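Following: one structure in structure tokens, then a few remarks.
In this text, all values refer to a predicted model and were calculated from it rather than measured experimentally. Numbering starts at 1 and runs along the sequence shown.
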Amino acid sequence: MPHARGERLESLCMLSIQEGLLRTAGGGILYDASRLRKPGAELFDVEHWRAQGSLQEVAGGRASIAVINAAEQRWVLRHYRRGGFIASLSRDRYIFLGEDRTRSFAEWRLLAELRRRGLPVPAPVAARYVAGALTYTADLITEQLPDCRTI
């Protein structure tokens with residue numbers, strides 16, 4: 001049955017992604033409108049998913065990720081965190097240079113384009129940034145790829 005997995009990945013890559021943008025107070029949410037109607041802040045809230053019994057936290061990388069069981073789908077929620085020396089100054093804040101230059105929106109759009117080209121990357125579900133005076137924080141939700149593990 002090795003072909004079944006390959007066919008499943010191929011069919012997942014052919015799903016269209018419809019970019020939707022929701023402006024929020026102090027930020028924005030970029031999302032796949034074919035999956036979500038109107039996403040809110042709770043989508044990126046680990047406690048919201050924990051309260052619903054839909055959360056599994058996985059350690060790895062700079063911090064843990066959250067695996068979410070959402071309506072027969074498995075999503076990965078990742079909060080952007082700093083690494084290296086700069087992390088001693090700021091754990092998760094980045095200089096705000098405009099909405100299109102936020103890490104989460106850039107990664108969401110890159111993943112969407114790679115999917116359109118048929119590459120087996122995780123489908124972007126939603127991305128968010130919350131801006132302050134000069135900085136912002138960011139989160140990204142993607143589909144979990146089958147048979148993957150954190151390194």
Side-chain angles (χ1 to χ4, degrees), residues 11-146 148-151:
S11 68
L12 286 174
C13 288
M14 297 304 140
L15 293 176
S16 67
I17 296 171
Q18 299 172 3
E19 184 174 312
L21 177 62
L22 175 66
R23 300 221 191 287
T24 61
I29 299 174
L30 185 62
Y31 64 99
D32 182 351
S34 68
R35 291 175 191 266
L36 304 170
R37 291 180 190 216
K38 188 176 178 187
E42 72 281 350
L43 192 62
F44 302 94
D45 183 2
V46 171
E47 293 307 319
H48 165 77
W49 295 107
R50 183 176 285 123
Q52 293 189 17
S54 300
L55 179 72
Q56 172 190 356
E57 291 186 82
V58 180
R62 292 184 181 143
S64 66
I65 60 167
V67 177
I68 301 165
N69 294 309
E72 299 181 29
Q73 298 179 41
R74 288 178 60 87
W75 296 343
V76 175
L77 167 59
R78 179 171 52 100
H79 182 70
Y80 283 80
R81 298 199 193 290
R82 292 266 191 193
F85 172 75
I86 199 77
S88 63
L89 303 172
S90 173
R91 287 182 16 164
D92 67 349
R93 300 203 69 77
Y94 298 86
I95 296 174
F96 186 67
L97 299 172
E99 182 175 87
D100 288 333
R101 297 195 53 194
T102 61
R103 289 173 176 248
S104 56
F105 278 27
E107 187 170 349
W108 192 98
R109 287 186 171 125
L110 176 62
L111 288 171
E113 180 58 29
L114 294 174
R115 294 276 293 191
R116 280 187 206 100
R117 292 179 185 214
L119 295 169
V121 298
V125 175
R128 168 179 82 159
Y129 76 91
V130 178
L134 299 172
T135 62
Y136 72 95
T137 61
D139 303 281
L140 177 68
I141 298 175
T142 59
E143 232 179 31
Q144 184 180 36
L145 290 175
C148 291
R149 61 184 171 163
T150 303
I151 55 172

Could you measure the distance from the [atom1] atom of [X] to the [atom2] atom of [Y]? Nearest 0.5 Å is fine.
X: Leu30; Y: Arg23; atom1: CG; atom2: CZ; answer: 10.0 Å
X: Leu55; Y: Glu47; atom1: CG; atom2: CD; answer: 8.0 Å
X: Ile141; Y: Gln73; atom1: CD1; atom2: CD; answer: 11.0 Å
X: Glu143; Y: Ile68; atom1: CD; atom2: CD1; answer: 12.5 Å
X: Thr142; Y: Leu111; atom1: OG1; atom2: CG; answer: 7.0 Å
X: Glu107; Y: Arg78; atom1: CD; atom2: CZ; answer: 4.5 Å

Discussion item. Can you classify the ring geometry of Phe96 versus Tyr129 as parallel (below 30°), tilted (30 to 60°) or perpendicular (above 60°)?
Written reply: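 Rings of Phe96 and Tyr129: parallel, under 30°.
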
Heavy-atom side-chain proximity of [X] to [Y] below 4.5 angstrom:
X: Thr102; Y: Tyr80; value: no
X: Tyr31; Y: Lys38; value: no
X: Phe44; Y: Thr137; value: no
X: Ile29; Y: Leu36; value: no

Worksheet item: Hey, is Arg109 close enough to Glu113 for a salt bridge, meaning N to O under 4.0 Å?
Response: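 Between Glu113 and Arg109 there is no salt bridge, as every charged N stays at least 4.0 Å from the carboxylate O atoms.
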
Exercise: identify the closest heavy-atom pair between [X] and [Y]:
X: Ile95; Y: Tyr136; value: O-CE2, 3.4 Å
X: Asp92; Y: Arg82; value: N-CG, 4.2 Å
X: Pro124; Y: Ile17; value: CD-CD1, 3.5 Å
X: Ala126; Y: Leu43; value: CB-CD2, 3.8 Å
X: Val46; Y: Ala66; value: CG2-CB, 4.3 Å
X: Arg93; Y: Val130; value: NH2-O, 4.4 Å

Between [X] and [Y], is there a donor-acceptor pair closer than 3.5 Å when you use the side chain of the first and the backbone of the second?
X: Tyr94; Y: Arg81; answer: yes
X: Arg115; Y: Pro122; answer: no
X: Asp32; Y: Gln18; answer: yes
X: Ser104; Y: Arg128; answer: yes

Around atom [atom1] of [X], are there more than 12 heavy atoms of other residues, nucleotides or ligands at under 6.0 Å?
X: Arg50; atom1: CZ; result: yes
X: Leu89; atom1: CG; result: yes
X: Leu97; atom1: CG; result: yes

Worksheet entry | side-chain hydrogen bond (donor to acceptor under 3.5 Å, both in side chains) partners for Thr24, two or more places apart | none

Discussion item. Applying side-chain hydrogen bond (donor to acceptor under 3.5 Å, both in side chains), can you list everything that pairs with Trp49, at least two apart in sequence or on another chain?
Written reply: none

